[in-house]
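What follows is a single structure, written as structure tokens, with notes after it.
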Amino acid sequence: MNKPISYQKGTIISTKEYSSRVKGVTIKPEYDIDWEPGQFIITKTQIDNQDIIADYTINFPNSLELTDNVSPFEIIVDNHPLSKIGKLFHSLNKGDNIIFKGARGRFTFKDQGKDIVFIFRNIGIAAAYPILSKLNKINFSHKISIFNFLTDDFPEILHKEISQFKNIDVQYKLVNTRFTDNDNISIGKLSKQQMMTLFQPHINSTFYLSGASIFNKSLRQKLINIGVDKQSIFREMFG
């Protein structure tokens, strides 16, 4: 890695349309950085003469064999109707620049000798990848369940890559508007009956949550309310 740096310029070298609202943006930093999928970068953009700071999770667009990477890397941009920075980043194309610092964050594996449940919202699932990669390498013998809470037209990202891990028993479930309304999914506001339907079979597992802070906070408390040991719940705030 080159010299350490705070904010630096990243140049967009390619883009990918995941859906009408969701776009993958591949960035080549001015200075190479070490990164892992599931970490995040901190972007700084001036909108209406104000600096806007936003975190973006690093996706995993490369081959399955690479778990420690140097740039370039991909972030996922959601053109949310209420997000000025989402709209701006979604409009960027090859050759445009993004100011950022990072990568930051690391979702650490806590082996409690139990089954594992990952609960993610949208691209938050990227934070599962380095853990799943490690579990695959060590032939983890317990069951792994992934619940991905999708909002609006957010696509399934990484499902194909995760399904190729052959040394672990992984079950993948989408939770979307067919299960509950979109606003409730966004903030993790599920009824006790919905929580029991989804997670009662996994009540003695180790849980990992990744998403916006309001999503994590709500889901953590609801898991405790249905009987999950709070010492078995781990959170990551920037998915």
Side-chain angles (χ1 to χ4, degrees), residues 16-19 22-26 35-41 55-69 72-78 103 105-179 185 188 198-199 201-202 205-212 215-216 219 223 232-239:
K16 178 180 179 180
E17 296 290 337
Y18 283 103
S19 72
V22 181
K23 186 176 184 178
V25 176
T26 300
W35 58 268
E36 293 180 359
Q39 290 186 291
F40 69 102
I41 61 169
D55 298 340
Y56 281 90
T57 300
I58 296 173
N59 190 26
F60 193 88
N62 300 318
S63 72
L64 289 172
E65 298 303 316
L66 299 176
T67 55
D68 295 303
N69 300 273
F73 57 86
E74 183 185 65
I75 61 172
I76 306 299
V77 177
D78 180 12
R106 196 174 303 275
F107 210 160
T108 305
F109 171 51
K110 313 284 187 180
D111 190 356
Q112 297 187 324
K114 300 188 293 186
D115 293 349
I116 293 177
V117 175
F118 293 99
I119 306 176
F120 296 104
R121 175 175 172 265
N122 295 334
I123 188 56
I125 193 175
Y129 194 94
I131 297 178
L132 291 167
S133 177
K134 178 177 181 178
L135 297 179
N136 188 64
K137 287 180 180 179
I138 66 174
N139 297 302
F140 186 71
S141 60
H142 296 281
K143 292 183 178 179
I144 302 168
S145 300
I146 297 175
F147 293 84
N148 194 8
F149 285 65
L150 295 183
T151 60
D152 297 313
D153 67 344
F154 216 99
E156 297 179 51
I157 298 173
L158 295 184
H159 188 192
K160 179 180 178 181
E161 288 84 349
I162 288 172
S163 69
Q164 295 182 57
F165 288 127
K166 301 302 183 183
N167 298 328
I168 47 178
D169 180 7
V170 180
Q171 294 183 333
Y172 185 92
K173 179 178 178 62
L174 296 177
V175 183
N176 54 29
T177 52
R178 291 190 295 274
F179 184 80
I185 287 180
L198 288 172
F199 303 119
H202 310 279
S205 300
T206 298
F207 284 78
Y208 290 86
L209 313 181
S210 181
F215 175 86
N216 285 351
L219 262 295
L223 287 170
S232 295
I233 304 174
F234 302 95
R235 294 178 291 173
E236 188 265 357
M237 293 299 187
F238 359 84

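Heads up: numbering here begins at 1 and tracks the sequence.
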Q: Give the intermediate values and the outcome of side chain to side chain contact (heavy atoms under 4.5 Å, CB included) for residues V175 and L198.
A: CA-CA 9 Å; V175 183; L198 288 172; 4.2 Å; yes
Atom [atom1] in [X], atom [atom2] in [Y]: separation rounded to 0.5 Å?
X	Y	atom1	atom2	answer
Q39	T57	CD	OG1	10.5 Å
Y208	I146	OH	CD1	12.5 Å
N216	I233	CG	CD1	10.5 Å
D169	I116	CG	CD1	11.5 Å
R235	L219	CZ	CG	10.5 Å
L209	R121	CG	CZ	13.0 Å

Does [X] reach the side chain of [Y], with side-chain heavy atoms less than 4.5 Å apart?
X	Y	result
F147	Y172	no
V117	I119	yes
I76	V22	yes
I58	F40	no
I168	N139	no
H202	S145	yes

Q | Verdict with reasoning, I41 to I75, per side chain to side chain contact (heavy atoms under 4.5 Å, CB included) | A | CA-CA 9 Å; I41 61 169; I75 61 172; 3.9 Å; yes
Q: Under the side-chain hydrogen bond (donor to acceptor under 3.5 Å, both in side chains) rule, what do S232 and K114 come out as? Steps first, then yes or no, please.
A: CA-CA 10 Å; S232 295; K114 300 188 293 186; 2.7 Å; yes
Q: Evaluate the criterion side chain to side chain contact (heavy atoms under 4.5 Å, CB included) for residue pair F207 and F118; output intermediate values, then yes/no.
A: CA-CA 6 Å; F207 284 78; F118 293 99; over 6 Å; no
(Q) Donor-acceptor pair, distance only, cut-off 3.5 Å: does the side chain of N167 make one with the backbone of N136? (A) yes
Q. Is there a donor-acceptor contact under 3.5 Å from the side chain of D115 to the main chain of K143?
A. yes
Q: Look at the rings of H142 and F140 and say which category their plane angle falls in: under 30° parallel, 30 to 60° tilted, over 60° perpendicular.
A: tilted
**Q.** Shortest non-hydrogen separation from A103 to W35 and the atoms involved
**A.** CB-CB, 3.9 Å
Q. Do F154 and Y18 have ring centroids that are under 6.0 Å from one another?
A. no
Q. Partners of F215 by ring pair (Phe, Tyr, Trp, His ring centres under 6.0 Å), sequence neighbours excluded?
A. F149
